Amino acid sequence: MASKEAYSPLPPWQRTDYCGTLRANDAGRDVALLGWVQTRRDHGGLIFIDLRDREGIVQLVLNPEISAGAHEAGSQVRSEYYIAARGKVVLRSEGTVNAELPTGQVEVVVNALEIVNTSAPPPFPIDGDTATAEEIRLKYRYLDLRRPEMQRNLRARHQAIKAIRDYLDDNGFVEIETPILWKSTPEGARDYLVPSRVNPGKFYALPQSPQLLKQLLMVAGFDRYYQIARCFRDEDLRANRQPEFSQIDLEMTCPRPDDVMSIAEGMVAAAFRRVLGVEINPPFIRMPYAEAMERFGIDKPDMRFGLELKNLTSAFEGTSFKVFADVLARGQSIYGINLPGQHQLSRRELDEITETLRSRYAMGLAWVKVTDSGWQGPIAKYLGDGERERAAGVASLKPGDTLMMVAGDAAAVRPVLGEIRLQLGARFNLDSTGERKFLWVVDFPLFEYSEEDKRLVSVNHPFTAPNPDDLAVLDKNPLDARALAYDMVLNGQELGGGSIRIHSRELQLKVLELLGFSREEATDRFGFLVDALTYGAPPHGGCAFGVDRLCMMLCGTDSLRDVLAFPKTGKAVDPMSGAPSEVDPRQLKELAIKVTA
RNA sequence: GGGGUCGUAGUUCAGCUCGGUUAGAACGCCGGCCUGUCACGUCGGAAGUCGUGGGUUCAAAUCCCAUCGGCCCCGCCA
């Protein structure tokens with residue numbers, strides 16, 4: 001230890017105030033402060049120290065005429081030393097007020113200063129700038145978290161969760177914890193596995209969500225449950241995806257979909273109100289999944305801008321343009337986006353989009369520019385007057401506009417145009433308007449067909465209730481059945497979603513059967529749920545919201561790592577601790593595990 | 001698994017096309033001076049495995065190959 005003082009586990013005094021809270025009306029008070037040295041400005045005679053704690057910064061003044069000892073101690077301090085200071089709060093004299101600092105009206109004239117702990121020079125500055133490489137920030141995360149920005153983010157997260165807990169408590173929800181060591185279930189993401197020492201060769205799985213457990217809590221009669229639940233998924237990471245994340249998980253007995261959505265709206269509104277002081281004015285619009293796909297080509301539309309998809313199929317009826325004619329002959333579709341005249345793409349940008357579509361989706365982009373003298377572009381000459389007129393009508397084309405079209409199977413074309421739409425939105429900064437556009441996407445299909453597995457898979461999860469109006473089609477054409485499911489979307493990001501669940505044992509078995517589980521398999525994997533449904537299980541439903549993504553929105557950041565204290569890198573590594581790491585062979589032996597990697 | 005991009009002083013970067021003195025700058029750090037600074041000023045100084053390994057060459061931060069890692073994206077994530 002570099003300090004000359006004998007090591008003491010206690011500071012020389014307790015603080016009376018946080019540095020960042022001192023204001024003009026504190027002038028005259030004697031205060032005791034504890035904090036980190038942000039900067040020291042040593043004038044030889046006078047020394048100024050900016051002292052930082054979690055509430056902010058205040059300027060200390062060390063004058064040898066006030067205290068020679070404090071001045072001498074002050075000359076020893078360096079960045080990030082943890083020091084204790086006593087002194088008097090004084091109003092700054094005319095001309096020395098710092099309008100940039102909330103505490104800039106005052107300063108603390110120090111009469112005693114002690115170095116509580118020294119600091120090696122920090123590997124990166126602890127002030128506002130975030131220019132440092134993320135890997136280094138993560139390696140020294142405890143220093144990165146000292147930065148005001150990260151302090152702000154994590155406290156915003158606390159505020160959001162507190163607001164949500166208060167709101168749910170006010171609405172009769174009971175917080176109940178569920179196991180972290182649980183059962184591996186098929187379907188869904190890859191599980192994180194935990195070996196069981198006392199049951200060699202057997203494994204727990206960390207929960208991907210408490211879905212089944214909360215349903216059992218409804219069977220148990222808690223009526224309204226919630227939990228801030230840690231969830232684990234062993235999949236590749238993204239800017240907004242970490243292997244462990246938190247959900248606000250809630251479930252209620254006998255709700256209509258509107259009841260769950262209303263609770264969720266109130267919950268999110270409470271978080272925005274508490275953290276940002278803004279009203280987001282629910283209820284949000286409800287948009288059927290089919291409409292979202294038709295208009296936006298995606299199930300989580302960003303509604304801050306237009307550029308909606310237009311179905312041009314009938315407009316090109318009888319076209320002599322061979323590409324379109326072939327598509328129409330196969331009963332497929334042509335969709336387009338009208339890029340209005342105020343947004344101009346260069347020929348090169350159009351070529352780049354075309355090339356991306358070709359290489360990634362094996363699709364072509366047909367585009368035309370509308371001018372006063374007619375249509376221009378590589379394919380314009382193949383298009384006749386009638387179809388031009390009809391397309392112009394459908395897409396509301398005006399001179400200056402660009403019409404970008406993709407032809408093929410509607411189910412494939414619409415997502416591709418949806419992707420182009422988002423690119424255009426980003427290209428012309430339509431997605432950085434500062435607006436907040438909430439909506440619910442409802443009436444999701446219950447199933448979709450998985451080409452990979454050659455069977456039906458659940459769009460949501462296997463416990464989602466079918467829309468009662470569609471029970472009849474379950475047998476005939478299950479792909480047409482809608483689910484009682486709903487997703488909340490904000491600016492093109494899914495914040496959360498949920499559904500009414502199946503509470504009938506027979507219906508649950510039937511759905512599992514449609515998903516390819518025999519009765520035997522279903523019993524083996526989900527027997528406890530199916531059994532539970534036989535004992536007076538009430539109707540129930542709920543939803544789950546991504547805490548981390550919600551906090552990203554509240555903090556205005558694009559990276560989930562900015563709202564987590566100790567996140568992992570893209571390779572799921574923690575550069576600070578070195579996790580994951582190899583373990584002692586004896587540990588493996590105890591667990592009956594042989595490593596082959 | 002695939003694509004893009006980056007890796008040079010503690011930090012942020014320049015240098016790399018077109019190989020050639022001792023690899024530079026800023027901030028930070030260390031030392032001196034300085035009583036109203038708050039991006040303090042000023043004088044001086046230290047600081048490099050050019051991610052790693054291999055290859056080409058008289059000579060490699062620079063060219064080639066491989067590999068590791070960060071970030072972003074696709075696949076994947078009910």
Side-chain angles (χ1 to χ4, degrees), chain A residues 38-51 57-66 71 75 78-80 90 92-101 103-104 107 109 119-140 143-144 185-191 208-209 211-212 231-243 245 356 359-361 419 422-423 426 444-448 450 452-453 455-464 483 485 487 494 497-499 511-512 515 544 546 558-559 561 568-571 573 575:
Chain A
Q38 169 89 32
T39 54
R40 179 185 58 121
R41 292 178 293 280
D42 187 342
H43 289 225
L46 280 183
I47 298 173
F48 299 95
I49 290 173
D50 288 345
L51 191 65
I57 283 171
V58 72
Q59 174 166 281
L60 309 182
V61 185
L62 303 175
N63 187 331
E65 291 158 19
I66 304 285
H71 182 266
S75 69
R78 297 293 183 270
S79 290
E80 300 309 314
V90 302
R92 294 202 193 186
S93 63
E94 189 107 7
T96 65
V97 167
N98 185 345
E100 305 292 311
L101 281 181
T103 61
E107 60 196 4
V109 177
S119 172
F124 50 82
I126 313 295
D127 53 25
D129 302 335
T130 327
T132 309
E134 190 139 13
E135 193 177 9
I136 293 164
R137 290 174 55 201
L138 291 181
K139 180 170 180 186
Y140 301 96
L143 295 179
D144 190 40
T185 51
E187 300 258 308
R190 207 173 282 114
D191 283 322
Q208 297 177 24
S209 86
Q211 176 62 35
L212 293 173
C231 304
F232 305 86
R233 295 178 187 175
D234 187 5
E235 297 291 346
D236 287 353
L237 288 76
R238 281 285 195 292
N240 59 1
R241 254 167 40 195
Q242 285 270 310
F245 59 99
T356 305
S359 59
R360 192 181 297 174
Y361 304 107
E419 179 60 34
L422 291 178
Q423 280 178 26
F444 279 83
L446 190 61
F447 302 114
E448 62 193 349
S450 164
E452 190 186 341
D453 298 336
R455 65 174 178 93
L456 294 182
V457 294
S458 295
V459 168
N460 189 219
H461 55 60
F463 320 106
T464 303
D487 277 1
E494 180 194 329
S499 63
V511 166
L512 287 171
L515 291 170
D558 292 327
S559 172
R561 294 182 297 274
K568 294 178 178 63
T569 67
K571 273 240 181 330
V573 163

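These values consider heavy atoms only, across backbone and side chains, with no hydrogens, waters or symmetry-generated copies. Letters A, B, ... are given to chains in the order of the sequence lines, protein chains preceding strands, and every chain is numbered from 1. Source: prediction; values computed, not measured.
- Atom SG of C231(A) and atom CD of Q211(A) lie 10.5 Å apart (nearest 0.5 Å).
- Considering only residues two or more places apart in sequence or on other chains, S450(A) meets the side chain to side chain donor-acceptor pair (under 3.5 Å) condition with none of them.
- With sequence neighbours excluded, the residues that form a side-chain contact (heavy atoms from CB on, under 4.5 Å) with T39(A) are R41(A), D50(A).
- One interatomic measurement links the two molecules: CG of L62(A) to P of C38(B), which rounds to 17 Å at whole-angstrom precision.
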Is there any protein nitrogen or oxygen under 3.5 Å from a nitrogen or oxygen in nucleotides 73-76 of chain B, and what are the pairs?
residue, atom, partner, partner atom, Å
C73(B), OP2, A239(A), N, 3.3
C74(B), OP2, R238(A), NE, 2.9
C74(B), OP2, R238(A), NH2, 3.4
G75(B), N7, R238(A), NH2, 2.9
G75(B), O6, R238(A), NH1, 2.9
G75(B), N1, D236(A), OD2, 2.6
G75(B), N2, D236(A), OD2, 3.1
C76(B), O2', E235(A), OE1, 2.6
C76(B), O2, R241(A), NH2, 3.1
C76(B), N3, R241(A), NH1, 3.1
C76(B), N3, R241(A), NH2, 2.8
C76(B), N4, R238(A), NH2, 3.3
C76(B), N4, R241(A), NH1, 3.1

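- Applying the side-chain contact (heavy atoms from CB on, under 4.5 Å) criterion to P243(A), with sequence neighbours excluded, gives Y192(A), L237(A), K568(A), A572(A).
- In this entry U12(B) has A25(B) as its Watson-Crick or G-U wobble partner, both defining distances falling under 3.5 Å.
- Under the rule for a ring pair (Phe, Tyr, Trp, His ring centres under 6.0 Å), F447(A) has no partner lying at least two apart in sequence or in another chain.
- Checked against U35(B), U37(B), C77(B), the side chain of A189(A) finds its nearest nucleotide in C77(B).
- Put simply, R78(A) has a side-chain N or O that comes within less than 4.0 Å of OP1 or OP2 on C30(B).
- Across all strands shown, T96(A) has heavy atoms under 4.0 Å from base atoms, whether or not it also approaches the sugar-phosphate.
- The gap from the P atom of G31(B) to that of G36(B) amounts to 23 Å, rounded to the nearest Å.
- Take F124(A) and apply the ring pair (Phe, Tyr, Trp, His ring centres under 6.0 Å) test, not counting sequence neighbours, and it matches no residue.
- Looking at R241(A) and E235(A), no side-chain N of the basic residue comes within less than 4.0 Å of a carboxylate O on the acidic one, giving no salt bridge.
- Residue contacts for P462(A): at a heavy-atom cut-off of 4.0 Å it reaches a base atom on one of the strands shown.
- Between the side chain of E107(A) and the base of G36(B), at least one donor-acceptor pair of N or O atoms lies under 3.5 Å.
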Dump the pairs, protein N or O against N or O of nucleotides 10-16 of chain B, anything under 3.5 Å, distances to one decimal.
residue, atom, partner, partner atom, Å
G10(B), O2', P123(A), O, 2.9
U11(B), O4', P123(A), O, 3.2
U12(B), OP1, A133(A), N, 2.5

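- Among the atoms of the strands shown, none is found under 4.0 Å from any heavy atom of E100(A).
- Take E80(A) and apply the side chain to side chain donor-acceptor pair (under 3.5 Å) test, not counting sequence neighbours, and it matches R52(A), R146(A).
- The side chain to side chain donor-acceptor pair (under 3.5 Å) check on R40(A) picks up D42(A), with sequence neighbours excluded.
- With sequence neighbours left out, T569(A) forms a side chain to side chain donor-acceptor pair (under 3.5 Å) with no residue at all.
- When the side-chain contact (heavy atoms from CB on, under 4.5 Å) test is applied to E448(A), the partners found at least two apart in sequence or on another chain are V457(A), V459(A).
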Collect all protein-nucleotide pairs involving nucleotides 40-44 of chain B in which both atoms are nitrogen or oxygen and the distance is under 3.5 Å.
residue, atom, partner, partner atom, Å
C40(B), N4, D42(A), O, 2.5

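- OP1 and OP2 of G70(B) both lie 4.0 Å or more from every side-chain N or O belonging to R561(A).
- Nearest-nucleotide mapping onto RNA chain B: of H461(A) and G45(A), the residue sitting toward the 5' end is G45(A).
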